[in-house]
Participant: 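Sharing a structure with you now.
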Amino acid sequence: MLSPCRKVYIETYGCQMNVSDSEVVLSVLAGHGFVRTDRREEADLILVNTCSIRENAEQRVRGRLQIFQQEKRRRKVIVGIIGCMAERLKEQLLEEEQVVDLVVGPDAYRRLPELIAQVDEGLKAVDVKLSGTETYADILPSRYDANGVSAFVSIMRGCNNMCAYCIVPYTRGKERSRSRDSILDEVWQLITDGYKEVTLLGQNVDSYGWKAPDGTVVNFAQLLEEVAALSPTLRVRFSTSHPKDMSDEVLYAMARHRNICRSIHLPAQSGSTRMLELMNRHYTREWYLDRMAAIRRILPDAAVSTDLIAGFCTETEEDHRATLSLMQQCRFDFAFMFKYSSRPRTLAARKYTDDVPDEVKTARLEEMIALQNVLSEESKRSDVGKTFEVLIEGDSKRSAEEWCGRTSQNKMVVFPKRGGAVGEYVQVHVTGCTSATLLGEMSQI
Ligand code: SAH
Ligand code: SF4
Ligand code: F3S
C-alpha cells in the first residue's frame with residue numbers, strides 16, 4: 001500500500017510536450033496520494049522528465065543525476081527517469097546510473113503508481129512500452145506551472161515523419177490523434193477555470209486526424225475552428241506545423257477567427273534543397289518559400305518563427321549560405337538554432353557520416369545567430385508605433401510596477417501598470433524595444 005500524501009518533485013526538460021506530459025504525470029500521481037512540491041529536499045519521489053533531442057540535453061540530465069545521487073546518500077528518496085531518455089536508454093539507464101530506481105517511457109505513465117509500489121518493495125521498475133493508441137485523453141492534467149492564464153493541450157502524440165536526424169519517432173512512437181471531444185472538453189474546462197489562452201500541441205499538428213463515430217474525419221483546420229469557436233476571448237495557439245503539410249485551409253481557418261493567434265512556428269531546418277532531401281523533410285526550398293508566401297498573403301500580420309540546424313551531414317559552405325539566404329528571404333521574427341547532434345538509431349546515424357567538424361558547426365551556428373539577431377531586432381522595430389492587444393501574464397521580471405504579456409504574434413511586451421490585471425486583455429501602444437522585448441504604454445482604461 002502506498003502511504004497517504006507522499007511528496008513528488010518533478011523537473012522537466014525538453015519541449016512543450018514534456019511540460020504537458022509532466023502535468024499528466026502529476027494528475028496520475030495525485031489520484032494515488034502524491035502531492036507536488038517544488039522543494040526537492042522534502043520530496044519522497046524525484047522525477048526527471050527528460051529529453052533526448054541532442055546529446056547535450058541528455059548530458060544536462062546526467063549532471064542532475066549526480067546531484068540527486070549525493071542527496072540519496074543523505075536520505076531515502078526514490079529517483080525516477082521518465083520521458084524520452086527513459087524510452088531511448090531503457091534498462092541501460094539502471095546500469096549506468098546507480099541512483100535511478102524507476103524508468104518510465106512516455107506511454108506508460110498510467111502505470112506509475114504500480115511501478116512506484118514495486119520500488120517500495122525494494123525492486124527497480126521499468127516500463128518503456130510504446131503504445132499505438134495511448135493519448136491520455138481522459139486524464140485532466142494538473143496545471144502546475146500555472147499562472148492561471150495559459151495552458152498546453154496535447155492533441156496528438158508520436159510522430160511518423162522520420163526526419164533523418166531526429167530521435168523523436170523512436171522515443172515517442174507512432175503518431176496518434178486524441179479524440180476531438182476530449183480536446184474540446186479539456187479546453188472548455190480551462191475556459192471555465194478562467195484560462196485565457198491554450199496552445200494545442202503535437203509534433204506535426206497539420207497531420208491531426210480523428211475519426212468521429214459517424215466515420216467522418218476531423219482534420220486540424222476543423223479542430224482549430226471548433227476550439228476557437230468555444231469562446232471569442234480565448235486565445236488559441238498551436239505548435240508545431242510541418243511545412244510539407246501546412247495547408248491553406250489552416251491559414252484560412254486562422255484568418256476567420258481573430259482569437260487564433262497570428263503566430264506560426266514553421267521549422268525550416270535548412271535552406272538547401274539538397275540538405276532537406278537528405279534530412280528526409282519531404283519539401284524543397286521553393287516549397288518552403290511558397291508556404292511562407294501563403295502565410296504572408298492570407299495572414300499579413302502573422303509572425304513566423306522557425307527551427308534551423310547547422311552542420312548536418314555533408315553540409316557545404318554553399319548549403320549553409322542557402323540557409324542564411326532563406327532566413328533573409330523569410331525575415332523570421334524568431335528562430336531556434338541548433339548544432340547538428342548525431343542521435344543513435346536515426347537514419348543519419350546509421351547511413352550518413354557526421355562529417356562537419358565541430359568548429360565549423362559552431363562558426364555556422366554563430367553566423368546564423370548573428371543574422372537572426374538582426375532580423376529579430378528589425379521585426380521588433382517594425383512594431384514600434386503600433387498598438388496591440390496584449391494578454392497580461394504577470395509582473396515583468398524587472399519590476400512589480402510593470403506588467404508583461406504577449407501580443408497575438410507571441411511577442412513579449414513590458415509596460416507600466418495603469419490598472420489591468422493578470423488574465424485581462426489591454427491595448428498597448430509600442431514605444432520602443434530591447435533585444436528581448438517590446439516596451440509600451442497601456443491605453444487609458
Ligand atoms: N516536431 C517538431 C519539433 C522537433 S524537435 C518539428 O518537427 O519541427 C525541435 C527541433 O530540434 C527540430 O525542429 C530541429 O530543429 C531540432 N533537432 C531535432 N533533432 C536534432 C538533432 N539531432 N540535432 C540538432 N537539432 C535537432
Ligand atoms: Fe522529429 Fe521530424 Fe517528427 Fe519533427 S517532424 S518530431 S523533426 S521526425
Ligand atoms: Fe525532447 Fe522528447 Fe520533446 S526528445 S524535444 S522531449 S519529444
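Read the numbers this way: they start at 1 and go in the same order the structure lists the ligands and their atoms. The shown structure was predicted, so the numbers you read here are calculated from the model rather than taken from an experiment.
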Participant: For ligand 2, which atoms, with element, lie under 4.0 Å from some heavy atom of P169?
Facilitator: 8 (S)
Participant: Kindly confirm or rule out an N or O of T240 lying under 3.5 angstrom from an N or O of ligand 1.
Facilitator: no
Participant: Is R54 close enough and on-axis enough to F338, meaning under 6.0 Å and within 45°, for cation-pi?
Facilitator: yes
Participant: Mind checking whether Y165 contacts ligand 1 via backbone (N, CA, C, O), side chain (CB onward), both or neither, at a 4.0 Å heavy-atom cut-off?
Facilitator: both
Participant: Among the heavy atoms of R172, does any lie under 4.0 Å from an atom of ligand 2?
Facilitator: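 Not so, R172 does not reach ligand 2.
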Participant: I need the contact type for I53 against ligand 1. Using non-hydrogen atoms and a strict under-4.0 Å cut-off, is it side chain, backbone, both or neither?
Facilitator: both
Participant: Is atom 2 (Fe) of ligand 3 less than 2.8 Å from at least one N/O/S atom of C15?
Facilitator: no
Participant: Just jot down the ligand 2 atoms closer than 4.0 angstrom to any heavy atom of C163, in number order.
Facilitator: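 In order of numbering, the contacting atoms are 2 (Fe), 5 (S), 7 (S), 8 (S).
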Participant: State plainly whether the residues E315 and K361 are in salt-bridge range, i.e. N to O under 4.0 Å.
Facilitator: no
Participant: Atom 3 (Fe) of ligand 2 to C159: any N/O/S contact under 2.8 Å?
Facilitator: yes
Participant: Can you tell me if M17 contacts ligand 3 (heavy atom of the residue under 4.0 Å from the ligand)?
Facilitator: no
Participant: Would you please say whether a donor-acceptor pair under 3.5 Å links the side chains of Q70 and Q66?
Facilitator: no
Participant: Heavy-atom distances under 4.0 Å are what count here, so tell me which part of Q269 touches ligand 1: side chain, backbone, both or neither.
Facilitator: side chain
Participant: Counting only heavy atoms closer than 4.0 Å, does ligand 1 sit against the backbone of Q203, its side chain, both, or neither?
Facilitator: both
